[in-house]
Participant: 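I'd like to ask some things about the structure below.
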2 protein chains.
Amino acid sequence: MFKYPEEELIAQRLFELIKQTMPKFERCTGISQSRLEILRELFESEEITQRALQKKVNIDHAAVTRHLKQLEEKRMVTRRKNPEDNRFTYVSLTEEGKTKIAAYCEEKQLFISNILNGFSEHERSSLLDMLTRIQENVDKI
Amino acid sequence: MFKYPEEELIAQRLFELIKQTMPKFERCTGISQSRLEILRELFESEEITQRALQKKVNIDHAAVTRHLKQLEEKRMVTRRKNPEDNRFTYVSLTEEGKTKIAAYCEEKQLFISNILNGFSEHERSSLLDMLTRIQENVDKI
DNA sequence: GTATATTAATTGACGGATCAATAATTGACC
DNA sequence: GGTCAATTATTGATCCGTCAATTAATATAC
């Protein structure tokens, strides 16, 4: 039999947590985490190159392309090529997109508040600190 | 502009963390987290019904079926119907599967140790506790 | 005892992510 | 100036997950 040291329990719980949380997030907010990140990034940077956007949200180029295509169909974003360098395409929110994203963000904030219910200020910063350190460890691998 | 309260940073980091960790996990260990969970569960319960296995690892029936099919092709598991109730199928590891899984688990443990490098005993239990509480909050949604 | 409901497993459709290959454009070097 | 390299974006193949519908077997209710 395998023993389950605390280390493994942490990993297990982390994994379980995400697995259960993501679908609930999408139901509550009406949008996927990734897509909301894209929209938020667009909101904050007026007009941004697709490549820069991809680096910010940190998902695959291909996925970004497909997200943007769908968002374009829904009239939430527009795209145009950079006239000085046709390899780049600029992406920006439409007015319609801008009004919609605010609602999404509020939903998200509500959702996260629920998840962190009962956490003291000290606990929050401690948790954030630990997650950051884990992140750094992962980066080294 | 949106503000990023600490709450959101925590959620952000959690999400980022998983997104970056999972692919690295698969590269390092040579197997996906989900599939390893299935194998481990099989290892611990000798022979188990597919339904019970699904509940344990907590992924969709369909996904379990497909994992098991592939594992069967690789000669790592065998399946047989319950003669007393033909709806159920029992799953168990082959000898080949048993020997392989040990190596996977060691890889996993190593990986997790790396990720939690620099964490004191106290921090680990504190982190585990917080994750558990978040889990409970999520369950309520 | 037969019709209905429940349960397990499978399959298909679909969404979202990755990787690999390709096309188009630009930059650099001889 | 023409070839080669680098960069961006797109597309196709594949994997993994969910949901919904289907099939097969069993249990239940009348």
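Below, chains carry the letters A, B, ... as their sequence lines are ordered, and counting in each starts from 1.
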Participant: Phosphate oxygens OP1/OP2 of D:dA9: is one of them under 4.0 Å from a side-chain N or O of A:T89?
Facilitator: yes
Participant: Side chains of A:T78 and A:S92: is there a donor and an acceptor less than 3.5 Å apart?
Facilitator: yes
Participant: Check whether any side-chain nitrogen or oxygen of A:R87 sits under 4.0 Å from OP1 or OP2 of D:dT7, and answer yes or no.
Facilitator: no
Participant: Report the distance from atom CZ of A:F88 to atom P of D:dA9, rounded to the nearest whole Å.
Facilitator: 6 Å
Participant: For A:K81 and D:dT8, is the shortest distance between a side-chain N/O and OP1 or OP2 below 4.0 Å?
Facilitator: no
Participant: Just wondering, are more than 12 heavy atoms of other shown residues or ligands nearer than 6.0 Å to OH in B:Y104?
Facilitator: yes
Participant: Which part of the nucleic acid, if any, lies within contact of B:D60, taking any heavy atom under 4.0 Å across all strands shown: a base, the sugar-phosphate backbone alone, or nothing?
Facilitator: base
Participant: Just the endpoints, please: which first and last nucleotides of DNA chain C, 5' to 3', lie under 4.0 Å from a heavy atom of chain A?
Facilitator: C:dG16 to C:dT26
Participant: Nearest nucleotide by nearest heavy atom, which residue falls closer to the 5' end of DNA chain D, A:T65 or A:K19?
Facilitator: A:T65
Participant: What's the closest nucleotide to the B:H67 side chain, out of D:dG17, D:dT26, D:dC16?
Facilitator: D:dG17
Participant: Would you mind reading off the distance between A:M22 atom CE and D:dT18 atom P, rounded to a whole angstrom?
Facilitator: 13 Å
Participant: Determine whether a donor-acceptor pair (N or O, by modelled atom type, separation under 3.5 Å) exists between the side chain of A:S120 and the backbone of A:E123.
Facilitator: yes
Participant: Establish, for the pair B:R133 and A:F119, whether the NZ or CZ atom is under 6.0 angstrom from the six-membered ring centre and no further than 45 degrees off its axis.
Facilitator: yes
Participant: Once hydrogens and angles are ignored, does a donor-acceptor distance under 3.5 Å link the base of D:dT14 to the side chain of B:R66?
Facilitator: no
Participant: Could you state the atom-to-atom distance from CD of A:Q54 to C1' of D:dT10 in whole Å?
Facilitator: 13 Å
Participant: Could you check which of D:dT26, D:dT11, D:dT18 has an atom nearest any side-chain atom of B:D85?
Facilitator: D:dT26
Participant: Tell me which nucleotide among D:dC19, D:dG12, D:dT8 gets nearest to the side chain of A:R27.
Facilitator: D:dC19
Participant: Side chains of A:Q12 and A:E16 only: does a donor on one sit below 3.5 Å from an acceptor on the other?
Facilitator: no
Participant: Output, in order, the C-alpha distance, side-chain angles, deciding distance and verdict of side-chain hydrogen bond (donor to acceptor under 3.5 Å, both in side chains) for B:E7 and A:S113.
Facilitator: CA-CA 7 Å; B:E7 283 184 344; A:S113 286; 2.9 Å; yes
Participant: Could you give me the CA-CA distance, side-chain angles and deciding distance for B:T89 and B:Q50, then say whether side-chain hydrogen bond (donor to acceptor under 3.5 Å, both in side chains) is met?
Facilitator: CA-CA 6 Å; B:T89 77; B:Q50 199 165 314; 2.9 Å; yes
Participant: Go nucleotide by nucleotide along DNA chain D from the 5' end; which of A:Q50 and B:I59 gets its closest nucleotide reached first?
Facilitator: A:Q50
